Student: 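Got a structure for you, written out below as structure tokens; questions coming shortly.
The model shown is predicted, which means the values in this text are computed figures rather than measured ones.
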Amino acid sequence: MRVLTLALIGILATGEGLAEDIDRSMDADPNGLISISNVAGTVEVAGWSRNQVEITGTLGDDVEELVFERDGKEIEIKVKTRRLHSNRISSDLHVKVPSASSLEINTVSAEIEVAGVTGEQDLESVSGDIVSAAFSADINVDSVSGEIEVSGEGMPARADLNTVSGDIETENLAGEISVESVSGSLFVRSGAFQRATLGTVNGDIMFHAQLLDGARLDIETVNGEVEIEFAGEISARFDIETFNGGIRNCFGPEAVRVSKYGPGYELKFTEGDGSGRVTIETLNGNLRLCR
């Protein structure tokens, strides 16, 4: 009896850590919409050449069911849980979708990673990092508490990236971009833009990219350094103000004090034919402007 009791205890203890393996698939529209919702864990999505959606991974012990259904061109994948605050609802989803699919992904406490999907993307997480690759379709990424990383191939599109607490990094995006964070630094590397807007309350801003002819760049920060390096030729009118911080301008003209009694500086000049517009405002932090 003692041996049987110990065996049962061992089975129950082991069972608490068990998770259900999943391996499901269904046919999909090559240009359809894939909607994914997961409360906790991870969501990894990869594009492939098949007109099929495949899900593998594991479901947490307190998961009620995995919804996996199709309605016309849309496929819904949703992890339904019995108890939202259980520590056994963490589920890891590995999803393969047709490469031209559009994505809508929502998580509460789960990281999101997307690769090889060329359709539009709408990615949201309350607490979790988001990493994705963008192509020629628009991308919207929101995280309340988490880092955001988006890379591209230099194809024009619209990118809206926002986080309350966390850094945002982009590489080789193009077209139009809006990057905002309440508490986090912003890094825009490479790419060519017709319109770029960057703003943060607490954090540094770095813009190392090209502004196209007639383009506009708007930058605003309350507490943080600003570093601008333009790739290629730049033609724009510059309007720069800083309340408490110096301005280093590699283009030549020097900043002047707004008032002989105050700490603020301003810098206004035109480079090239002035077809574009660059506006920068900082409250506390130095600014460096070069090419």
Side-chain angles (χ1 to χ4, degrees), residues 16-24 32-47 53-71 74-97 101-117 119-134 138-151 159-170 178-186 200-203:
E16 288 184 355
L18 290 178
E20 177 188 347
D21 292 332
I22 51 176
D23 188 354
R24 306 183 193 179
L33 171 65
I34 313 299
S35 174
I36 304 173
S37 178
N38 187 18
V39 177
T42 60
V43 174
E44 295 182 3
V45 180
V53 171
E54 177 186 89
I55 312 173
T56 57
T58 57
L59 298 178
D61 288 352
D62 283 339
V63 169
E64 183 178 349
E65 68 170 315
L66 175 67
V67 176
F68 185 32
E69 55 190 24
R70 177 176 177 176
D71 183 8
E74 180 177 353
I75 289 180
E76 180 183 19
I77 301 168
K78 183 176 183 179
V79 178
K80 296 181 67 175
T81 61
R82 298 184 182 90
R83 292 176 290 178
L84 288 177
H85 300 292
S86 169
N87 60 1
R88 299 192 301 166
I89 60 174
S90 181
S91 301
D92 298 318
L93 305 181
H94 307 278
V95 186
K96 293 181 179 179
V97 304
S101 299
S102 295
L103 296 177
E104 289 183 358
I105 303 178
N106 292 276
T107 67
V108 177
S109 181
E111 297 183 353
I112 299 172
E113 184 173 345
V114 178
V117 179
E120 293 185 4
Q121 299 180 40
D122 191 345
L123 315 177
E124 297 183 13
S125 176
V126 175
S127 178
D129 296 341
I130 300 176
V131 179
S132 185
D138 294 350
I139 181 170
N140 181 77
V141 182
D142 290 283
S143 178
V144 176
S145 179
E147 312 287 318
I148 294 176
E149 295 182 19
V150 180
S151 59
D160 286 290
L161 315 176
N162 303 276
T163 181
V164 176
S165 177
D167 296 343
I168 302 177
E169 297 188 33
T170 77
S178 175
V179 186
E180 295 186 0
S181 177
V182 176
S183 181
S185 296
L186 314 179
T200 181
V201 177
N202 292 296

Student: In sequence, state the C-alpha distance, the side-chain angles, and the governing distance for Ile139 and Ser132, and then conclude on side-chain contact (heavy atoms from CB on, under 4.5 Å).
Tutor: CA-CA 9 Å; Ile139 181 170; Ser132 185; 3.9 Å; yes
Student: Using the side-chain contact (heavy atoms from CB on, under 4.5 Å) rule, take Thr81 and Asp62 through it: C-alpha gap first, then chi angles, then the decisive distance, then the call.
Tutor: CA-CA 6 Å; Thr81 61; Asp62 283 339; 5.9 Å; no
Student: Measure the spacing between CZ of Arg24 and OG1 of Thr56 and express it to the nearest 0.5 Å.
Tutor: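 Reported value, rounded in 0.5 Å steps: 12.0 Å.
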Student: To the nearest 0.5 Å, tell me how far Leu59 CG sits from Leu93 CG.
Tutor: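 So the CG of Leu59 and the CG of Leu93 are separated by 7.0 Å.
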Student: If the condition is salt bridge (charged side-chain N to carboxylate O under 4.0 Å, His left out), which residues does Glu169 pass it with, not counting sequence neighbours?
Tutor: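 Glu169 satisfies salt bridge (charged side-chain N to carboxylate O under 4.0 Å, His left out) with Arg189 only.
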Student: Supply the atom-to-atom distance Glu180 CD to Asp142 CG, rounded to the nearest 0.5 angstrom.
Tutor: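 The distance works out to 10.0 Å.
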Student: Can any side-chain N or O of Ser125 pair as donor or acceptor with the backbone N or O of Ser143 at less than 3.5 Å?
Tutor: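 A pair under 3.5 Å: no.
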Student: Treating Asp167 as the side-chain partner and Ser185 as the backbone partner, does any N or O pair qualify as donor plus acceptor under 3.5 Å?
Tutor: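 Checked: pair present.
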Student: Indicate yes or no for a side-chain donor-acceptor contact from Thr200 to the backbone of Ser181 under 3.5 Å, with no hydrogens or angles considered.
Tutor: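 Judged by distance alone, yes, a pair lies under 3.5 Å.
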Student: To the nearest 0.5 Å, how far apart are CD1 in Ile55 and CG in Asp23?
Tutor: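 Between Ile55 CD1 and Asp23 CG, I get 9.5 Å after rounding to 0.5 Å.
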Student: Assess the residue pair Val63 and Glu20 against the criterion (side-chain contact (heavy atoms from CB on, under 4.5 Å)); give the C-alpha distance rounded to whole Å, side-chain angles, the decisive distance to 0.1 Å, and a yes or no.
Tutor: CA-CA 9 Å; Val63 169; Glu20 177 188 347; over 6 Å; no
Student: If you take all heavy atoms of Ala134 and Val150, which pair is closest and at what distance?
Tutor: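 It is CB-CG1, 4.0 Å.
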Student: Dump the intermediate steps for side-chain contact (heavy atoms from CB on, under 4.5 Å) on Ile105 and Ile130, then the final yes or no.
Tutor: CA-CA 11 Å; Ile105 303 178; Ile130 300 176; over 6 Å; no
Student: When rounded to the nearest 0.5 angstrom, what distance separates CG in Asn162 from CG in Asn140?
Tutor: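 Between atom CG of Asn162 and atom CG of Asn140 there are 7.0 Å.
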Student: Taking salt bridge (charged side-chain N to carboxylate O under 4.0 Å, His left out) as the test, write out the residues that go with Glu65, two or more places apart.
Tutor: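 For Glu65 the salt bridge (charged side-chain N to carboxylate O under 4.0 Å, His left out) partners, ignoring immediate neighbours, are Lys80.
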Student: List the atom pairs, donor and acceptor, that lie under 3.5 Å between side-chain atoms in residues 34-46 and the rest of the protein, sequence neighbours left out.
Tutor:
residue: Asn38; atom: ND2; partner: Ala40; partner atom: O; Å: 3.3
residue: Asn38; atom: ND2; partner: Thr42; partner atom: O; Å: 3.4
residue: Asn38; atom: ND2; partner: Ser91; partner atom: O; Å: 2.9
residue: Thr42; atom: OG1; partner: Asp92; partner atom: OD1; Å: 2.8
residue: Glu44; atom: OE1; partner: His94; partner atom: ND1; Å: 3.1

Student: Short question: side chain of Glu120, backbone of Leu33 - any donor-acceptor pair under 3.5 Å?
Tutor: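 No: the side chain of Glu120 does not pair with the backbone of Leu33.
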Student: Do Val53 and Ile77 have side-chain heavy atoms sitting under 4.5 Å apart?
Tutor: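 Sidechains of Ile77 and Val53: in contact.
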Student: What pair of heavy atoms forms the shortest contact from Ile112 to Glu124, and how long is it?
Tutor: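 Answer, listing the atom of Ile112 first, then Glu124: CD1-O, 3.6 Å.
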Student: Out of curiosity, Thr170 OG1 to Leu161 CG, how far, rounded to the nearest 0.5 Å?
Tutor: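 With rounding to 0.5 Å, OG1 (Thr170) is 7.0 Å from CG (Leu161).
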Student: Would you find a donor on one side and an acceptor on the other, under 3.5 Å apart, between the side chain of Asp129 and the backbone of Glu147?
Tutor: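 Pair found, side chain donor or acceptor close to backbone of Glu147.
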